[in-house]
Amino acid sequence: MNKELRQEQNRVDTIMDIIADQIVKMEGETNQRQNEVVGIRKNFWDEVKVNTDNFDDYLETILSLRQQAQVLSVSQSTHKQASKRLSALRRMKDVPYFGRIDFTEEGNSELERVYIGVSTLTDESGDNFLIYDWRAPISSVYYDYPPGPAEYVTPGGTIRGELDQKWQYIIRDGVIESMFDTSLTIGDEILQHVLGKGTDKHLHSIVASIQQEQNQIIRHDQGRLLIVQGAAGSGKTSAALQRIAYLLYKYREWLKADQIILFSPNAMFNSYVSRVLPELGEENMQQVTFQEYLSHRLSDQFQVEDNYSQLEYVLTKTSDPSYQARTSNIQFKASTRFFELIKAYRQSLELSGMIFKGIKFRGKTLVSAKEMKERFYSSDTSLRFYNRIEKLTEWLNKRIDETEKNELKKPWVEEEIELLSKDDYQKAYKFLQKKEGYADNSFDDYEKEYKVLGKMVVRRKLKPLRKWVQMLHFVDMKGVYKQLFANSTKIEQLIEGDKPKHWEDICQLTFNMLDEGKLYYEDATPFLLLKELIQGFQTNASIKQVLVDEAQDYSPFQFEFLKRLFPAARMTVLGDFNQAIFAHASEMVNFHVLKGLYGPEETHAINLTRSYRSTKPIVEFTKNLVPGGEQITAFERDGEVPVLTQVLNRDELHRQITSKIIELKKRNYNTIAVICKSAAESAAAFEALKDIEGIKLVKSGSVEYEQGIVIIPAYLAKGIEFDAVIIYDASKDVYGEESLRRLFYTACTRAMHLLQLYSMGEPSPILKHSTTKSLVLN
């Protein structure tokens, strides 16, 4: 061991002792705080003087309660902070830090050694930093600069100086395995070490290997919208998750994890990324898929098609007579043109066209739909649209009040009174006791008894109707939306430019689905927008940060909707337009449409072109599959050249795949994916290969990312990486259409270390640009 390494190991030993001592102290403090919380909860009411005899006593009771609640809140907060610090120390126990910079501040001749880890560590006094958190301002120098002039921004201003050296460490169990003096941002040795490992079922923190361009994403803090376009495997998702951790650190006084929401591609992806923030000592943010949001808002009214069912239709039903109309429907209803059309349609409803549902009670009409419409359009048209809806609601409630009075004298009320339970009588008595001062437990006035019990009966019967009105269910949203497609002239009055192709067929398709109580996926967001524009927008102002992963899967319409839904939030969107595989996202192929969302001054874009996931031979192969792929650069990590094997029939295909999986298992690959074009092809492949030990079929409803051997449709594999990928059938018959190029690219770019392609018959024409240097033909 050389002198430098020995000195560094001695420092690590000292740091380990300090961490161990602090863990012991923090364990004691955490237990003490926990006991305090338990004690306060246990004896909470013993410390509160409860007296409500008069106002002063009541006020004293309230103050006493508030004081005791504050004591409990402070103790809980202190316990939480102590527990969080203990968790951080335990994480540092094995790997205390991963980097060091030797930095001399301008105007100061003394060189300072700054060690960087996943959390801060100070000496016993708390004044001297032994390790800096990777998110601290000075740590940005480690990620952003080679030796030479460097600077970093603090709340007090910009600090400039000279970066003398930069060191990187691989420390395991308190022992330095390797240390590197590098002039690069992050040395290739560290990346080789990180990327050369096998995958497991979770994505992990990358703080030890953040690259300069990724650090720009993490620390970016300007404008309303950050757009990250990144090649497959460029670290977009990892950088986004570190960005959340950074924001929670920088704005810890006012930003909490529950004020951040991540829109992810599917529930399985949520499981895959669930470990990153806890590894960094932060709570997980809210995670949801856009489909889950749509289902939450609409499932009580419709059976809503999901995005994967839509894609499955596009991939497998090309011979359907309605195929051309359906794909035109998907593209049009995902466009900004249709977004503007919906707004224009709602505007037109101020003058005419609103459709209502009549109100009935006990089989008789109280208010007809015609009466509502006349009332709505005869009211003050200078009022805002939603205020007119409110006025109509008030009028309907008055009509229900009148009905309540009229129904009290009807025979059915007396019949219902006779059927009341003992509990109902008791409730009525308590009401009279409170209002009329009854002293005993029985009624002595039949008229009062009948009046109280009658009101109880009638109000109970009218309660669902009142709720129905309060929820604005008297607006026939299904009818209003359906009306938009009633005739071809309606859209001509509202839309700018030509009607979409197959418009009459689109109208018929929409009609049929609505009649069956169903919504196409492409109709779900437009329907919800129209509903919000009519009934009032349900915005969420508590969310401060919105992240959208796999942004190329969203339509411009959906982004406009998200902007309205979270008016107080900043948005970070991440994606790769080369993986834009959904028909509804055809306008998103270059993210240009997003730049108008908040305007150019509030929008910043970062482009990541270097791919880290796959070996260089795999990247050299996949970059030839897409237009503009020459801009993608591979990280210098060697590996096997992808292999294309042509087979004659399906039996031979399955024999070859089975043999390949057995070989890969012997080579200790942890995750092996057989990737198919669709769910239908995946199901057929699984049926043929199900005898392979441990093989699993991944479906769109899968909640957790499965480690091991999986058969999976390409669209579900997006965002996930595997040690080895087998493309089930890369033939012309399966991937013959040019429209499938991005799907095929997506499937191939899931491979980290090995890519094997099979073709039953002639290979796909998509492969014709793959050179012999980047693909071996068997």
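Not counting sequence neighbours, Y386 has no partner by the ring pair (Phe, Tyr, Trp, His ring centres under 6.0 Å) test. Residues passing the ring pair (Phe, Tyr, Trp, His ring centres under 6.0 Å) test with H220 are H604, sequence neighbours excluded. D505 pairs by the side-chain contact (heavy atoms from CB on, under 4.5 Å) definition with A325, H502, not counting sequence neighbours. Under the side-chain contact (heavy atoms from CB on, under 4.5 Å) criterion, T318 pairs with Y323, sequence neighbours left out. Remark: Q535 pairs with L472, V475, M477, K531 by the side-chain contact (heavy atoms from CB on, under 4.5 Å) rule, at least two apart or across chains. By the side chain to side chain donor-acceptor pair (under 3.5 Å) test, Q508 pairs with N512, sequence neighbours left out. Among residues two or more places apart in sequence or in another chain, the side chain to side chain donor-acceptor pair (under 3.5 Å) test is passed with N406 by none. For F302, the ring pair (Phe, Tyr, Trp, His ring centres under 6.0 Å) test picks out F527, with sequence neighbours left out. Every residue two or more places apart in sequence or in another chain was checked for a ring pair (Phe, Tyr, Trp, His ring centres under 6.0 Å) with Y377, and none qualifies.
For the residue pair E407 / W412, a side-chain donor-acceptor distance below 3.5 Å is found, with atom types taken as modelled. Side-chain contact check for K373 and S368: no donor-acceptor pair (N or O, by modelled atom type) lies under 3.5 Å. Residues N387 and K391 bring no donor and acceptor atom of their side chains to less than 3.5 Å of each other. Side-chain N/O atoms of T603 and R224 include no donor and acceptor closer than 3.5 Å.
Rounding to the nearest 0.5 angstrom, the gap separating the CG atom in L294 from the CG atom in D523 is 11.5 Å.
Ring geometry for F485 against W503 counts as tilted: the plane angle lies between 30° and 60°, on a 0 to 90° scale. Between Y554 and F559, the two ring planes are tilted [angle within 30° to 60°].
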Output side-chain donor-acceptor pairs under 3.5 Å for residues 343-358, partner residues at least two apart or in another chain, one line each.
residue	atom	partner	partner atom	Å
K343	NZ	E340	OE2	3.4
Y345	OH	V480	O	2.5
Y345	OH	Q483	NE2	2.8
R346	NE	L533	O	3.4
R346	NH1	E350	OE2	3.0
S348	OG	Y345	O	2.5

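Residue pairs meeting the salt bridge (Lys or Arg N to Asp or Glu O under 4.0 Å) criterion with at least one partner in residues 297-317, sequence neighbours excluded, are R297-E532, E305-R326. Annotation: side-chain hydrogen bond (donor to acceptor under 3.5 Å, both in side chains) contacts involving residues 537-546, sequence neighbours excluded, comprise N540-S542.
Electrostatic pairing of D553 and K718 counts as a salt bridge here, judged by a charged N lying under 4.0 Å from a carboxylate O.
For the pair K563 and Y598, the cation-pi test (distance below 6.0 Å, angle within 45°) is passed.
Ring to ring, F537 and F561 are close: their centroids are under 6.0 angstrom apart.
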